[in-house]
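Presented below is the structure to which this report refers.
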Amino acid sequence: MVNPNEIGPIEIGEKDRLFVLTGAGVSAESGLPTFRDNGGLWNGYRVEDVATPEAWYEDAEQVWRFYAMRRRDGLAAKPNAAHQALARLEERLGDRLYLCTQNVDDLHERAGSKRVVHMHGELFRSRCERECGRGDFFDEGIYTSADAIPRCACGGRIRPHIVWFGEMPLYMDDIYAELERCTMLLVAGSSGSVHPAAGFVQFARRRGVRTFYVGPEAPLNASQFTERVMATAGEALSRLFP
Ligand code: APR
């Protein structure tokens with residue numbers, strides 16, 4: 001465990017490829033609730049009611065009310081020092097930085113990150129509930145009643161472009177290809193509760209890659225990290241990647 005006060009910049013060599021996975025903790029300092037901390041989203045809502053395909057087919061209005069609240073919060077939030085540090089890092093490393101996020105907010109992009117892999121979908125994108133082929137699209141709409149839910153040209157209802165529990169995360173082939181070739185991996189702000197993201201560190205460890213964790217509490221997969229920096233992401237990432 002690294003003493004947060006002894007954090008120095010991480011040396012990244014010319015040949016290094018850094019895989020970064022961020023979780024809800026990276027947006028906590030922007031005022032967005034995490035999922036499993038006290039007062040987190042799953043303290044106030046049941047996953048089964050708002051974040052599963054079954055919830056959608058049972059009560060689409062309730063699902064949209066949950067995402068309407070998250071869209072309102074997301075629009076009001078501002079990127080924090082953690083997002084800014086990672087945007088600077090992308091400028092420095094170019095495509096030797098692979099930024100994968102479990103977060104659906106757009107704070108990485110609003111901090112300047114150009115290549116963000118949203119494996120759990122995106123809050124400000126929607127799509128037809130039928131796989132009618134029209135794909136996902138940008139949408140900041142706030143829908144709080146069943147009759148406000150827009151319809152696709154094919155007649156299907158428009159749903160959030162979010163990966164719900166029981167659905168396949170996005171870009172997994174691309175993610176594993178990068179996990180096969182990265183030389184360093186850093187996870188910031190994720191409790192390690194949800195797979196497959198929680199298993200990325202083990203995949204990297206098996207390849208003998210240096211693995212860092214940044215967050216104020218030990219995650220469930222803490223033993224998989226070669227170095228753990230027990231500090232907030234805003235504070236630590238600014239010092240690890242000045
Ligand atoms: N800086 C860094 N980490 C922080 C901060 C902070 N300022 N504040 C809290 N954390 C840490 C917490 O200690 C916790 O380990 O962020 C983590 C948040 O964990 P979760 O709430 O479980 O969020 P996450 O790991 O991103 O959840 C993964 O679960 O519900 C699904 O799809 C949802 O993408 C989400 C996935």
May I ask you to decide if [Y]'s main-chain N or O and [X]'s side chain share a donor-acceptor pair within less than 3.5 Å?
X	Y	result
Arg96	Glu14	yes
Thr226	Thr211	yes
Arg65	Thr144	yes
Arg228	Tyr213	no
Asp49	Ala55	no
Arg70	Asp105	no
Thr101	His118	no
His161	Leu123	no
Glu90	Lys114	yes
Gln224	Val201	no

Start with the C-alpha distance between Leu32 and Asn103, add both sets of side-chain angles, then the distance that settles side-chain contact (heavy atoms from CB on, under 4.5 Å), and finish with yes or no.
CA-CA 11 Å; Leu32 295 182; Asn103 300 340; over 6 Å; no
Atom of [X], atom of [Y] and distance for their closest heavy-atom approach:
X	Y	value
Ala81	Gly234	CB-O, 3.7 Å
Val163	Met168	CG1-O, 3.5 Å
Pro160	Trp56	CD-CZ3, 4.1 Å
Met184	Glu11	CE-O, 3.5 Å
Ser30	Asn80	OG-ND2, 2.9 Å
Leu237	Ala82	CD1-CB, 3.9 Å

Ionic contact status for Asp139 with Arg71, cut-off 4.0 Å
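Looking at Asp139 together with Arg71, the answer is yes, because their closest N to O distance falls below 4.0 Å.
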So does Glu109 pair up with Arg125, basic N to acidic O under 4.0 Å?
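Answer for the salt bridge query: no.
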Is there side-chain contact between [X] and [Y], with heavy atoms separated by less than 4.5 Å?
X	Y	result
Phe35	Ser193	no
Arg72	Ile142	yes
Arg36	Ser191	yes
Gln102	Leu21	yes
Leu186	Phe241	yes
Pro196	Phe203	no
His83	Thr22	no
Arg239	Val229	no

State the [atom1]-[atom2] distance between [X] and [Y], to the nearest 0.5 angstrom.
X	Y	atom1	atom2	answer
Gln202	Phe225	CD	CZ	10.5 Å
Cys182	Arg17	SG	CZ	9.0 Å
Asp174	Cys100	CG	SG	9.0 Å
Leu86	Leu97	CG	CG	7.0 Å
Leu185	Phe200	CG	CZ	9.0 Å

Linked, directly or transitively: [X] and [Y] (ILVMFWY side chains, under 4.5 Å):
X	Y	result
Tyr98	Leu240	no
Ile149	Phe124	yes
Met69	Val63	yes
Ile162	Val47	yes
Tyr171	Val194	no

Steps toward side-chain contact (heavy atoms from CB on, under 4.5 Å) verdict (Met172, Met119)
CA-CA 7 Å; Met172 292 309 295; Met119 64 179 290; 4.1 Å; yes
For a side-chain contact (heavy atoms from CB on, under 4.5 Å) check, start with the C-alpha distance between Trp42 and Val50, then their side-chain angles and the critical distance, and finish with the verdict.
CA-CA 10 Å; Trp42 298 147; Val50 295; 3.8 Å; yes
Hey, does the Lys NZ or Arg CZ of Arg157 hover above the aromatic six-ring of Trp64, less than 6.0 Å from the centre and inside 45° of the axis?
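Verdict for Trp64: no cation-pi partner in Arg157.
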How far apart are the C-alpha atoms of Arg134 and Cys154, what are their side-chain angles, what is the distance that settles it, and do they pass the side-chain contact (heavy atoms from CB on, under 4.5 Å) test?
CA-CA 9 Å; Arg134 288 182 173 79; Cys154 77; 3.5 Å; yes
If you apply the rule salt bridge (Lys or Arg N to Asp or Glu O under 4.0 Å), what do you find for Glu178 with Arg115, and how did you get there?
CA-CA 14 Å; Glu178 192 58 35; Arg115 286 173 307 107; over 6 Å; no
